[in-house]
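Below, read A as the first sequence line, B as the second, and so on, with proteins coming before strands; counting in each chain starts at 1.
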Amino acid sequence: MAARIPDKPTLDGLEDRWSQEWDAAGTYRFDRTKTREEIFAIDTPPPTVSGSLHVGHVFSYTHTDAIARYQRMRGREIFYPMGWDDNGLPTERRVQNYYGVRCEPHLPYDPDFTPPDQPPKQALAVSRRNFTELCGRLVVEDEQKFEELWRHLGLSVDWSMTYTTIGEVARRTSQRAFLRQLARDEVYKAEAPTLWDVDFRTAVAQAEMEDREVAGAYHRLRFHRSDGTDLVVETTRPELLAACVAVVAHPDDARYQPLFGTEVTTPLYGVSVPVVAHRLADPEKGSGVAMICTFGDVTDVTWWRELDLPVRAIVGADGRIKADPPDALVRTDGAVDAFAEIAGKTVKQAQARVVEQLAASDELDGDPRPIMHPVKFYEKGDRPLEIVTSRQWYVRNGGRDLALRARLIERGKELQWHPAYMRARYESWVEGLTGDWLISRQRYFGVPFPIWYPLDEQGQPRYDAPITPGDDALPVDPSSDTPPGYSEEQRDRPGGFTGDPDIMDTWATSSLTPQLACGWIDDPDLFARTFPMDLRPQAHEIIRTWLFSSVVRAHQEHDTIPWKHATISGWVLDPDRKKMSKSRGNVVTPMEWLEKFGSDGVRYWAVSGRPGTDTAFDEGQIKIGRKLAIKLLNVSKFVLGISGHLDTDPLEVTTTSGLDNSFLADLLAVVDDATTAFDGFDYARALERTERFFWDFCDNYVELVKGRAYDGGDDVAALSAQQTLRAALHTLLRLFAPFLPFVTEEVWSWWQEGSVHRAPWPARDQYRISATVGPDRGNAYAVAAEVLTEIRKEKSSQKRSLATPVTRAVVRDTAERLDALRAAEIDVRNAGRIDQLETEVADALGVVVELAEPDAA
RNA sequence: GGGCGUUUAGCUCAGUUGGGAGAGCGCCUGCCUUACAAGCAGGAGGUCGGCAGUUCGAGCCUGCCAGCGCCCACCA
C-alpha cells in the first residue's frame, strides 16, 4: 500500500484517537478459545479505589503493560483483566469524609436515605446497609475515573473484563473459599490477645503492623520486696502498672536468682506479683528486670502464654482505661482508690496521672529518662496499637506450624522472582511469622463471614457449632439473612441464633485475585485456560501481604503456586529520593503529566526504571521520552518519503552495499538483545538497546545513505538503501511498540494494515536478506560512521557548516578497516561532501581533511 | 542484631563470558545540512566509595570496611 504521511506529524491527540480505535477494533480483546499454552495470564494489582491514582501507579502499571504488549506480539493471547479494590477501610474512610456520615450497625436500614448535599459538621449516623450502599455508590464514580486514566496511559487491558473486590462475585468467591477452608480446618476462631487499633476499633494482622520511632521515657518504678527493700523496674508504660501480673528476669542473671519464686508488691496498688525467670528478659536492658503486663507489647503475650500467667487487662477496645479495676486490685487495700484516678482516661492521660501518683508516694526513682523507641502502629493508624483480648478468625499460614511454614517457603522457591533477590523478602517474612493470619475485622464495608452461631438457653453463642449456608445461598450477610433451619424471629434470642458480626480483612479477598479474575467459581472453562497464571506484578512493600497471602490460598485450595513469575517493582521517589506519598505532600497528579508531555513520554520515563529499582520522578526523563517519540515521527516521515512507494515485503531486502549488509546485521543483533531481555522481564534493558541503536540509525545510517537513496541514477544501489531503511523502520517500530504504543501505532498506520500491537515481534526468521555484493565486509557500517564523525569534527572545529565541501580527505587506518570502508565509500563521500577520498594503511584511524575555501561573498 | 540492594562525569543512570570507561541531561563552541531548530554537529568533564587479595590484566571476581536505602527481628 502507498504510504499516507502527514505534512506535519504531531503527537497531539494520539491518546484519544488511538484508545478509541483500539476499543472499536477490539485490539486487546481476550480470545477465550485459546488454550492454556497459548495464553499469557496476568494477575494485575487491583488499585485501591479511595481517591486518586498517583504517579507510582503509572510507573509500575506501565512496566506490566510493556511486558503484556511484548508477549502479545510474541503471539500469546493476553489475559489481562483489571480489578478495582473497593473493599475495606480506605473506602470507609473516604465515604465518611465525602458524605459526612458514620456507621452505626445497630440502626435500622432506611430505604429512603439520601446523603446531604454538603457533608454536615456533625457526622450523620446511618445503618450498616445504608453505609455500605454509599460505599458502593462512591466507588463506581472512582472506578470510572481510574479507567479513563488507564486508557489515556495506554494500558492494553480488555476493559470488558473488570472485577471488584466488594462485588457480588467477589463476596461469593471469598465466602466459598472461606467455607472450604473451614471444612478443611484451615481456618479457626479463637479468643486471644490481639493487636488492636483503638481508633478504628478493630483487630489488625501482623502484616499490617509497622514500627515507628516515637518519643517515650524510661520510668524507674520501686517494687517492694518482703524484706522491705526495693526492686527497681524500668518501664516505658507506667500506666499499665495495674495490669502487672509478674516481674521477670533472665534465668542466668545472678542478681535476681535469689528472688525467683518469691513475690514482690507493686507500687501504688500493693498487689503481690511473682518474680519469674524467662530467657527473653535482657539483663543488659534497664535494671535487667521487666514488668509483665496484660498486655503492653507482644513480648508480654509470649511471657503470659509461656509462663501461664493470669489476665489482668485494663485497656478497653476504645483505648481508655476500663472503668472497673481488675479483681486483684479489689482484693487489695487502697488499690481501688488509686485506680479510680485513671479509670476512663486514655492511656496517655493515665500515664501522666500515674507518674504523679508515683512521685507523690515516692515510688518513682529519679526523673523519667526520655528516649526515642520503636512502637508498633497499624500502618493506617495514628495511635500506637494496644493488645486486647478478643475472639477472631485465623487462617493457618505457618505461623504456628513449622511443617506448613517450610512448605510455603518451598512454594516461594517454585515461583520465579524478577529480580531474583526479592525472594529473600518473602522468606524472611515467612520465617518471622509469630502467629496465624488474623482475617476478621470489626468493620462494616467488607465481605461478611458467612457464619451464624446457635444461642444456648442463656443466650450465649456456641462458637464450637457454627451454622454455615449452602453454596447456592452465597453470598450471604448473616446480619440480615436467616440461617437454614431457623426463622428470623429467632435472631439474637435464647435458643435461637446470632450472625457473626465481623467482616473479612481486605487481604482475605485480595489473596484470591487469581481465583476471582480467572472465574474459579462461575467459569470452570475460563479457569482451566488461565490458572495458574503466568505473572503477578506487584510492589515490594506488599510481598508480605498480597503475595504471601495469595500463595497461602492457592496452596491450600489448589495445591499449586498461583503464578509462574512475580515481577516486583520499586517505588517512585521524589527528586529528593524520599518515597512519594500523600503525607509528604509531594505527589504529582499523573493526568497533568500525561497531558503535558504525552503518554508515550511518561511511559518512557516509567520503563527506564530497571525492574525492582526505586526510581526518582524525573521530568527530564519524560522530556527525553517525548523527544524520542517526536524523532520517531520525523524519521519515519523521511524514511517513508524515500521508500513509501515500494510495494514489496518490507522484510525482504536485496542489498548491493556492504554498508547496508553490516547495518542489517547490527539491527538483527539488537533484535536478539531486546528479545533476550524481554524474555527475562527486563523491559528497561530492551528499551535501552533499542533506543541506542535507533539514535545511531538516525544520526549515522540515515545520513550516510541519504544521497544514495535519493539518487535515481543507479537504481540497484538506491533500492538497496531504500529497502534497508524500510526494513529498519518496520523493525524499530515493533521494537518500540511495547514502550511507546501511541506513536508507533500512529506511524504504523501510515503504511501498514492492522495494529502494530498485533504484529509479530521481530525475529530473524522473518527476514529474507540477500546480498549481491561479494564477501561480507564485516563492520563497514561502524567504520563508515567513525570516519564520518572525524569529518564532522574537522568542520565543527573550523566552525564551518556541515554542508561545506571537502576538497580532499585522507583516511589512515588498518588494511582490514580500509577494506571495510571501501564497501561504503560512496556513502561516506556523499555524507561528508568529499570530492577526493584517499586511503593510507596505518595502525589506527586518522583523517586529514582539506575544506573548500569559504565563498568570498 | 540478621538479611537484601546500592555506591561509575555536576545530575539521572548504562556497562552479563575480566582487556576501549560510556549515554542522556546540564555546561561550552558552532551549524538552517535534500525528515526533524521542539533540530543537527563537535567539545570539556571521572584515580568507577575505601583498603587488601586473585590475575599478565579488575568498574566487573574474592575478603574486610564505610555511606545510603529497604526488608526482617522478642525494641521492658
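A pairwise comparison of heavy atoms in A:Thr545 and A:Ala207 identifies CG2-CB, 3.5 Å as the closest pair.
No contact: A:Ser797 has no heavy atom under 4.0 Å from any strand. Among the heavy atoms of the strands lying under 4.0 Å from A:Lys799 are primed sugar atoms or P, OP1, OP2 only; no base atom is included. Residue contacts for A:Ser287: at a heavy-atom cut-off of 4.0 Å it reaches no nucleic acid atom on any strand shown. At a threshold of 4.0 angstrom between heavy atoms, the contacts of A:Gly707 include nucleobase atoms, whether or not backbone atoms are also involved. Note on A:Cys293: nothing from the nucleic acid sits closer than 4.0 angstrom, heavy atoms only.
Within a 6.0 Å radius of CD in A:Gln798, more than 12 heavy atoms belonging to other residues, nucleotides or ligands are found.
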Evaluation steps, ring pair (Phe, Tyr, Trp, His ring centres under 6.0 Å), between A:Phe742 and A:Tyr604: CA-CA 12 Å; A:Phe742 294 102; A:Tyr604 171 88; over 10 Å; no
Working for salt bridge (Lys or Arg N to Asp or Glu O under 4.0 Å), residues A:Arg610 and A:Asp682: CA-CA 7 Å; A:Arg610 299 179 68 72; A:Asp682 193 347; 3.4 Å; yes
Verdict with supporting geometry, A:Trp571 and A:Phe59, ring pair (Phe, Tyr, Trp, His ring centres under 6.0 Å): CA-CA 8 Å; A:Trp571 281 329; A:Phe59 180 67; over 10 Å; no
A:Phe663/A:Phe693 under ring pair (Phe, Tyr, Trp, His ring centres under 6.0 Å): CA gap, chis, key distance, verdict: CA-CA 10 Å; A:Phe663 170 78; A:Phe693 183 83; 5.4 Å; yes
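Between A:Thr567 and A:Gln416 the shortest side-chain heavy-atom distance does not fall below 4.5 Å. No side-chain heavy atom of A:Glu363 sits under 4.5 Å from any side-chain heavy atom of A:Leu221.
Spacing between B:U55 and B:C61 at atom C1', rounded to whole Å, works out to 10 Å. Rounded to a whole angstrom, the distance from the C1' atom of B:G22 to that of B:A14 is 8 Å. Taking atom C1' in both B:C13 and B:C72, one finds a spacing of 30 Å when rounded to whole Å. Rounded to whole Å, the separation between the C1' atoms of B:C32 and B:A41 comes to 13 Å. Nucleotides B:G43 and B:C25 are separated by 15 Å at their P atoms, to the nearest Å. Comparing the same atom, C1', in B:G2 and in B:C75 gives a spacing of 15 Å after rounding to whole Å. Across the C1' atoms, B:G20 and B:G15 are found 12 Å apart, a figure rounded to whole Å. Comparing the same atom, P, in B:C64 and in B:C74 gives a spacing of 27 Å after rounding to whole Å.
For the pair A:Tyr701 OH and B:C36 P, the interatomic distance rounds to 20 Å; values are reported in whole Å. Note: NZ (A:Lys793) to P (B:U33) measures 23 Å, nearest angstrom. The CE-P distance, from A:Met422 to B:G69, rounds to 17 Å in whole Å. Separating the CG atom of A:Leu640 from the C1' atom of B:C36 is a distance of 14 Å, rounded to the nearest angstrom. Going from atom OH of A:Tyr710 over to atom C1' of B:U33 covers 12 Å, rounded to whole Å. Atom P of nucleotide B:C4 and atom CD1 of A:Ile568 are separated by 17 Å, given to the nearest angstrom. For the pair A:Glu619 CD and B:G26 P, the computed distance is 12 Å after rounding to whole Å. If you take CZ of A:Arg800 and P of B:C32, they are 10 Å apart, rounded to a whole angstrom.
Between A:Asp297 and A:Lys376 there is no salt bridge, since none of the side-chain N atoms of the basic residue sits less than 4.0 Å from a carboxylate O of the acidic one. Salt bridge A:Glu306/A:Arg279: present, at least one basic N to carboxylate O contact under 4.0 Å. Ion pairing between A:Glu210 and A:Arg212 holds under the 4.0 Å rule for side-chain N and carboxylate O.
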Where protein sits on nucleotides 71-76 of chain B, one letter per nucleotide: B base, S sugar-phosphate only, - none, heavy atoms under 4.0 Å: SSSBBB
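Positionally, the nearest nucleotide of RNA chain B for A:Thr613 lies more toward the 5' end than for the other of A:Asn634 and A:Thr613.
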Please write out the pairs of protein N or O atoms and N or O atoms of nucleotides 17-25 of chain B separated by less than 3.5 Å, giving the distance to one decimal.
| from | atom 1 | to | atom 2 | distance (Å) |
| --- | --- | --- | --- | --- |
| B:C25 | OP1 | A:Lys627 | NZ | 3.1 |

Set out, line by line, the N/O atom pairs under 3.5 Å between protein and nucleotides 6-11 of chain B.
none

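Side chain of A:Arg610, nearest nucleotide from B:C13, B:A35, B:C31: B:C13.
Aromatic ring centroids of A:Phe736 and A:Phe694 lie under 6.0 Å apart. Between A:Trp417 and A:Tyr426, a ring centre-to-centre spacing shorter than 6.0 Å is recorded.
In summary, the side chains of A:Trp605 and A:Glu619 do not present any donor paired with an acceptor at a separation below 3.5 Å, with no hydrogens or angles considered.
Contacts of A:Asp230 classified as side chain to side chain donor-acceptor pair (under 3.5 Å), with partners at least two apart in sequence or in another chain: A:His224.
With a 3.5 Å limit on both pairing distances and Watson-Crick or G-U wobble geometry required, the stems of 3 or more pairs in RNA chain B span B:1-7 with B:66-72, B:10-13 with B:22-25, B:27-31 with B:39-43, B:49-53 with B:61-65.
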Could you pull out all donor-acceptor pairs under 3.5 Å where a side-chain atom in residues 233-247 of chain A meets a protein atom, sequence neighbours excluded?
| from | atom 1 | to | atom 2 | distance (Å) |
| --- | --- | --- | --- | --- |
| A:Glu234 | OE1 | A:Arg369 | NH2 | 3.3 |
| A:Glu234 | OE2 | A:Arg220 | NH1 | 3.3 |
| A:Thr235 | OG1 | A:Arg237 | N | 2.9 |
| A:Arg237 | NE | A:Glu239 | OE2 | 3.1 |
| A:Arg237 | NH1 | A:Gly296 | O | 3.3 |
| A:Arg237 | NH1 | A:Glu386 | OE1 | 3.3 |
| A:Arg237 | NH2 | A:Glu239 | OE2 | 3.3 |
| A:Arg237 | NH2 | A:Glu386 | OE1 | 3.2 |
| A:Arg237 | NH2 | A:Glu386 | OE2 | 2.9 |
| A:Glu239 | OE1 | A:Gln351 | NE2 | 2.9 |

